[in-house]
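Starting from 1, each residue takes its place in the sequence as its number.
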Amino acid sequence: MTSFRFQNRKLPFVSSSKTARPIWILTKDEVAAGALPDASSKWISDIGFSGAKGEFASLPSQDSSLAGAVFGLGDGQDTLCCGKLSKLLSEGDWEIKSQSVNVADIAFAFGLGSYRFENYLKSEHKAVRIVSQGIENFSDIERKIYGSFLAKDLINIPTNDMGPADLEQVFKDIGKSYKAKIKVIEGDELLKQNFPLIHTVGRASESAPRLLEMKWGKKDAPKLALVGKGVCFDTGGLDIKPASAMGLMKKDMGGAANILALALMIMDADLPVNLHILIPAVENSISDNAFRPGDILTSRSGLTIQVDNTDAEGRLVLADALTFACEHEPELVIDMATLTGAARVALGPDLPPYYTDDETLSDEISKTALQENDPVWRMPLYNGYEADVKTRIADLTNAPSGGFAGSITAALFLKRFVTEGTSWVHLDIYGWNPKERAHSPMGGEAQAIHTLFSVLEARYS
């Protein structure tokens, strides 16, 4: 199982246990049908347990010791609510019992729900473990949970401990674990190797901008490129954000965090792909050499860009990275970025939009998202808005005026840096959970990566 262990995390599972107690997962229909053994069925009937989603009760034995527990799943559609079990169950080992719901899905939700971010403040919590013996595809569950935890940890760590240089170190650690080839282009070397936009956005920071590159897999395998926005902090630049908008900007590298998590799962599963990972890692800071509103920049591709807002920097660093990715002629390019507030206005924090012209890929993503309970929503690359991305004295603007369709115009901007005919999907994620959920606490969030991994696993296994 996973070579890489970020923060030395240990998952709450045990291969076998002689002392494990049963945790029954029941739908409302199963409770009504008396699915439990007679004594337990009478007990839950007496206490009014109905099997509603999230309902929990302990099951005493005849000598009043704890014989097990029961958890309600409502109509059985939302297994992620089982993430609550990591907090509800008493300390010890437990074995999942279910008649109609996939035990693997319950174990996955339980594992996700066990996440704690304790780098700076330790808390006491119970040692609750689930028996993994007999759970189908358990190695897949483990790598998905580890991927989620990696993405969450990277986002949750503040920029003083997760700046460009720190992100580079994690990148190298992961690459070393899977014997990948690593290359880092840093500082003025970006200009020499023709990554002008990455250099421009990051040059005002004390931590030099850099492009992180990882290659893994066999050269004759299908080429897959993953690109993640790694803006480790975003002040907005000279078009500075207000304090209320800057408070969460440690999460502006959420695209990079999720791409790294997806890459970890791909390499850990040893998928037969020729993997190319690119993360432009920068801080968008303010100093006497910060780029300015009104500047016209020339990208790696040769397209010129008028800077109409220095706070629209993510698409600039992605432009150079996408151009470079396409130079290697990949079969598929996936990019992820915390790119626009407009995406949140349209779809909220939990539902990332994705953009692609590849109908087959879109069908795979949308169907798999339902199966994985990892929601995404397709948004259009609407050609009618192409004119909004253009400007009078340059090929493109990084910030169209008017404020309409901001997520769409950002995607149309990125599309200009993807070689025509290349299969490409862009995900405009939030990377943050604004409230406590059964399977995830408030804080950094893994989004769409379980869907994407399952799509890739189905394609290439």
Side-chain angles (χ1 to χ4, degrees), residues 140 144 147 151 216-217 221-229 254-256 258-267 269 271-279 315 318-319 321-340 343 346-347 351-383 385-386 407-431 446-461:
D140 232 18
K144 285 181 177 181
W216 175 89
K223 293 181 180 179
L224 169 63
L226 305 180
V227 181
K229 174 187 168 186
N258 276 273
I259 281 293
L260 265 178
L262 177 59
L264 181 143
M265 291 189 285
I266 290 167
M267 293 187 291
L271 293 189
V273 293
N274 183 354
L275 189 61
H276 190 200
I277 306 157
L278 294 168
I279 292 177
R315 66 200 71 186
L318 288 173
L322 285 169
T323 299
F324 184 51
C326 289
E327 290 168 10
H328 293 74
E329 299 181 340
E331 178 181 287
L332 173 61
V333 178
I334 298 172
D335 85 71
M336 302 184 77
T338 52
L339 205 60
T340 70
L347 298 175
L351 188 58
Y354 72 93
Y355 296 85
T356 184
D357 279 334
D358 186 330
E359 297 300 327
T360 300
L361 176 62
S362 180
D363 286 346
E364 291 172 357
I365 290 173
S366 61
K367 290 175 182 176
T368 304
L370 290 174
Q371 296 165 2
E372 291 290 324
N373 207 354
D374 184 23
V376 294
W377 193 264
R378 189 182 187 182
M379 294 273 275
L381 288 162
Y382 177 56
N383 290 333
Y385 294 151
E386 282 278 6
S407 183
I408 296 174
T409 54
L412 289 170
F413 178 96
L414 295 179
K415 184 182 176 183
R416 294 292 297 274
F417 298 92
V418 177
T419 302
E420 189 173 352
T422 300
S423 178
W424 163 68
V425 61
H426 159 62
L427 293 101
D428 189 346
I429 67 171
Y430 190 46
Q447 290 189 304
I449 57 174
H450 303 135
T451 291
L452 293 171
F453 174 71
S454 293
V455 166
L456 296 172
E457 192 175 35
R459 275 196 174 199
Y460 297 117
S461 291

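Judged by distance alone, the side chain of R416 and the main-chain N or O of A319 form no donor-acceptor pair under 3.5 Å. Not a single donor-acceptor pair under 3.5 Å links the side chain of T338 to the backbone N or O of I429. D358 contributes no side-chain N or O that, together with a main-chain N or O of S423, makes up a donor-acceptor pair within less than 3.5 Å. Using a distance-only test at 3.5 Å, with no hydrogens or angles considered, a donor-acceptor pair links the side chain of K223 to the main chain of H328. With hydrogens and angles ignored, the 3.5 Å screen pairs a side-chain donor or acceptor of Q447 with a backbone N or O of G431.
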(request) Might you work through the side chain to side chain contact (heavy atoms under 4.5 Å, CB included) test for L339 and L318, ending with a clear yes or no? (result) CA-CA 10 Å; L339 205 60; L318 288 173; 4.1 Å; yes
(request) Please report the C-alpha distance between D428 and M379 in whole Å, then the side-chain angles of each, then the deciding distance to 0.1 Å, and finally whether the side chain to side chain contact (heavy atoms under 4.5 Å, CB included) criterion is met. (result) CA-CA 10 Å; D428 189 346; M379 294 273 275; over 6 Å; no
(request) List the steps, then state whether side chain to side chain contact (heavy atoms under 4.5 Å, CB included) holds for L456 with M265. (result) CA-CA 10 Å; L456 296 172; M265 291 189 285; over 6 Å; no
(request) Go through the steps for S366 and Y354 under the test side chain to side chain contact (heavy atoms under 4.5 Å, CB included), then give the verdict. (result) CA-CA 10 Å; S366 61; Y354 72 93; 3.7 Å; yes
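Atoms OG1 and CG, from T451 and N373 in turn, are 9.0 Å apart once rounded to the nearest 0.5 Å. With values rounded to the nearest 0.5 angstrom, L226 atom CG is found 9.0 Å from L278 atom CG. To the nearest 0.5 Å, atoms CG (L412) and CG (N383) are separated by 7.0 Å. In this structure, the separation between CZ on F417 and CZ on R315 is 11.0 Å, given to the nearest 0.5 Å. To the nearest 0.5 Å, atoms CZ (F453) and OG1 (T368) are separated by 12.0 Å. To the nearest 0.5 Å, atoms CD1 (I334) and CD1 (I365) are separated by 7.0 Å.
Among all heavy-atom pairs drawn from A448 and V376, the shortest one is CB-CG1, 3.7 Å. In terms of heavy-atom proximity, L381 sits nearest to A411 at CD2-CB, 3.7 Å. For the pair P330 and T422, the tightest heavy-atom approach, listed with the atom from each and the gap, is O-CG2, 4.0 Å. Listed here is the closest heavy atom pair of L351 and P375: CD1-CB, 3.6 Å. G228 approaches I259 most closely through the heavy-atom pair CA-CG1, 3.7 Å. Between L347 and P353, the closest heavy-atom pair is CD1-CB, 3.6 Å.
Contact check for W424 versus L361: no side-chain heavy atoms found under the 4.5 Å cut-off. Two residues are said to be in side-chain contact when any heavy atoms from C-beta on lie closer than 4.5 Å; H426 and V418 fail this criterion. Using a 4.5 Å heavy-atom threshold, the side chains of I266 and L224 count as touching.
Using a cut-off of 4.0 Å between Lys/Arg side-chain N and Asp/Glu carboxylate O, K144 and E457 are scored as not salt-bridged.
Checked against the 6.0 Å centroid criterion, the rings of H276 and F324 qualify as a close aromatic pair.
Around the OH atom of Y385, the shell of radius 6.0 Å holds no more than 12 heavy atoms that belong to other residues, nucleotides or ligands.
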